[in-house]
Amino acid sequence: MMDYLTKESINNFISSALKEDVGNGDHSTLASVPKEAKGKAQLIVKNDGIIAGVEMARQIFKFFDDDLIMHAQVDDGAPVKIGDIAFTIEGNARSILTTERLVLNCMQRMSGIATYTRDLNDLISHTEAKLLDTRKTTPNFRLCEKWAVVIGGGKNHRFGLYDMIMLKDNHIDFAGGIDEAIIATKNYLSKKGLNLKIEVETRNLDEVQQVLHHEGIYSILLDNMSPSELKEAVSLIDGKVVTEASGGITEKTISEIAESGVDFISVGALTHSAGSLDLSLKAVDE
């Protein structure tokens, strides 16, 4: 399990999301459904894709009502098709109804991200390049979105601003240049006693060469470079640091970019542009 997927972080997310949705009570359910009523529902898949969020659904049900019983028919990361049943849930009918929308919101979004991630991964599977996500996520939903990327076969970049140094173009410009930004960063890390990886964004081969003059750099981000420029950069770097391609990468360009020899390809669209998989939770006769 990824470092950010702790019991505390998951429960904090669920608690906040339920507070947002339920507020002072699910009055539609409280008004119409008897307190002791029992029920059963099944999650129906309405699009082909990759399912994600099954474990999150289990955690939501457990958090809200530990007596709910969930039976999963598929695991996270499994391919699904229209008409498949992902899981059944049974127990107190009020609990099922109150948690329904949160479960669907999480799973539909996570499944859409996992599906898109798998699609892009398939396009670069003939290379050694690995697919990375970014911080271009929905506020307060990053945990689920990054989890979905991993379920879809991608890898997480840094989770937030605190767990890695990334000197991007604006940092470099405000600092006065690449050399100034790197030197200041190393001084800062030493002073604070922090052991964080350093990645530096570059916009051309001259900047790549500048970064290579410095020791202790973990990776170089090759931003908005053409496949031919990427090949030159990879050759120039020659394995001294990790390489990452980024910027405007689409389904049409990702294969050629991967063939340039870069180690990683970061794609913001994994989390900011992926659609949702259509899912529906329906009551069934017991």
Side-chain angles (χ1 to χ4, degrees), residues 1-2 4-23 25-30 32-33 37-116 137-152 271 274-286:
M1 184 172 284
M2 288 68 73
Y4 56 87
L5 291 180
T6 64
K7 182 178 181 180
E8 180 182 16
S9 67
I10 293 172
N11 284 347
N12 284 343
F13 165 75
I14 296 171
S15 177
S16 176
L18 285 171
K19 183 177 181 180
E20 174 187 60
D21 196 35
V22 179
D26 174 9
H27 299 302
S28 303
T29 295
L30 294 173
S32 62
V33 178
K38 301 293 182 182
K40 182 177 182 179
Q42 57 187 15
L43 189 81
I44 304 170
V45 177
K46 301 176 76 174
N47 287 136
D48 295 349
I50 301 299
I51 200 73
V54 175
E55 183 56 33
M56 175 57 87
R58 190 188 308 280
Q59 295 300 321
I60 292 169
F61 290 133
K62 181 178 179 63
F63 180 92
F64 190 79
D65 183 349
D66 197 37
D67 290 329
L68 290 176
I69 300 171
M70 177 177 158
H71 298 285
Q73 271 73 61
V74 294
D75 295 325
D76 282 324
V80 291
K81 60 184 186 300
I82 296 174
D84 283 350
I85 305 300
F87 65 74
T88 60
I89 183 70
E90 54 187 302
N92 184 271
R94 284 184 171 184
S95 295
I96 294 172
L97 287 166
T98 301
T99 53
E100 172 188 0
R101 179 46 53 193
L102 177 55
V103 166
L104 286 173
N105 285 349
C106 289
M107 288 196 66
Q108 288 181 147
R109 180 78 178 128
M110 290 178 72
S111 295
I113 291 170
T115 299
Y116 188 47
T137 56
T138 308
N140 299 321
F141 201 61
R142 182 173 296 179
L143 180 147
C144 292
E145 291 176 340
K146 282 187 169 282
W147 190 356
V149 167
V150 174
I151 290 171
T271 50
S276 295
L277 207 68
D278 195 5
L279 304 170
S280 180
L281 190 69
K282 293 296 183 183
V284 295
D285 293 331
E286 297 198 58

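The residues of the chain are indexed from 1 along the displayed sequence.
Ring orientation note: the planes of Phe87 and Phe61 are nearly perpendicular, at an angle over 60° on the 30°/60° scale.
Taking the side chain as every heavy atom from C-beta outward, Leu97 and Val33 approach each other to under 4.5 Å. Two residues are said to be in side-chain contact when any heavy atoms from C-beta on lie closer than 4.5 Å; Asp75 and Val54 fail this criterion. The side-chain heavy atoms of Met110 and Ile113, taken from C-beta on, include no pair separated by under 4.5 Å. At a threshold of 4.5 Å between non-hydrogen side-chain atoms, the residues Asp67 and Asn92 do not count as touching. Using a 4.5 Å heavy-atom cutoff, the side chains of Val45 and Lys81 are not in contact. Asp48 is not listed as a side-chain neighbour of Val80, based on a closest heavy-atom distance of 4.5 Å or more. Residues Leu43 and Gln73 fail the side-chain proximity criterion, which asks for heavy atoms closer than 4.5 Å. Contact annotation: the side chain of Leu277 approaches that of Thr115 to within less than 4.5 Å [non-hydrogen atoms, C-beta and beyond].
At least one donor-acceptor pair under 3.5 Å links the side chain of Thr99 to the backbone N or O of Ile96.
What you find for Ile51 and Ala86 is that their closest heavy atoms are CD1-CB, 4.4 Å. Between Gly53 and Ile151 the shortest heavy-atom distance is N-CD1, 4.2 Å. Smallest separation of non-hydrogen atoms from Gly91 and Leu68: CA-CD2, 3.8 Å. Residues Phe141 and Asn105 come closest through the heavy atom pair CZ-O, 4.4 Å. Among all heavy-atom pairs drawn from Cys144 and Cys106, the shortest one is SG-SG, 4.3 Å. The shortest non-hydrogen separation linking Ile10 to Leu143 is N-CD1, 4.3 Å.
Taking CD of Glu145 as the start and OG1 of Thr271 as the end, the distance is 5.5 Å to the nearest 0.5 Å. Summarising the geometry, atom CD1 belonging to Ile69 is positioned 11.5 Å from atom NZ belonging to Lys62; distances are rounded to the nearest 0.5 Å. Taking NE2 of His71 as the reference point, atom OG1 of Thr88 lies at 5.5 Å (rounded to 0.5 Å). Note that the CE atom of Met70 and the CD1 atom of Ile60 stand 9.5 Å from one another [nearest 0.5 Å]. Note that CH2 of Trp147 and CE of Met56 are 5.0 Å apart. Values are rounded to the nearest 0.5 Å. In this structure, the separation between CG on Asp26 and CZ on Arg94 is 9.0 Å, given to the nearest 0.5 Å.
For CG of Asn11, the number of neighbouring non-hydrogen atoms (other residues, nucleotides, ligands) closer than 6.0 Å is greater than 12. The local environment of CG in Asn140 is sparse, with at most 12 non-hydrogen atoms from other residues, nucleotides or ligands closer than 6.0 Å.
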Give the intermediate values and the outcome of salt bridge (charged side-chain N to carboxylate O under 4.0 Å, His left out) for residues Arg58 and Glu55. CA-CA 5 Å; Arg58 190 188 308 280; Glu55 183 56 33; 3.3 Å; yes

For Ile44 and Leu279, run side chain to side chain contact (heavy atoms under 4.5 Å, CB included): C-alpha distance rounded to whole Å, both residues' side-chain angles, the deciding distance at 0.1 Å, then the answer. CA-CA 6 Å; Ile44 304 170; Leu279 304 170; over 6 Å; no

After noting the C-alpha distance and the side-chain angles of Leu102 and Phe64, does the key distance pass the side chain to side chain contact (heavy atoms under 4.5 Å, CB included) rule? CA-CA 11 Å; Leu102 177 55; Phe64 190 79; over 6 Å; no

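We find that Lys38 and Glu90 are not joined by a salt bridge, their nearest charged nitrogen and carboxylate oxygen being 4.0 Å or further apart.
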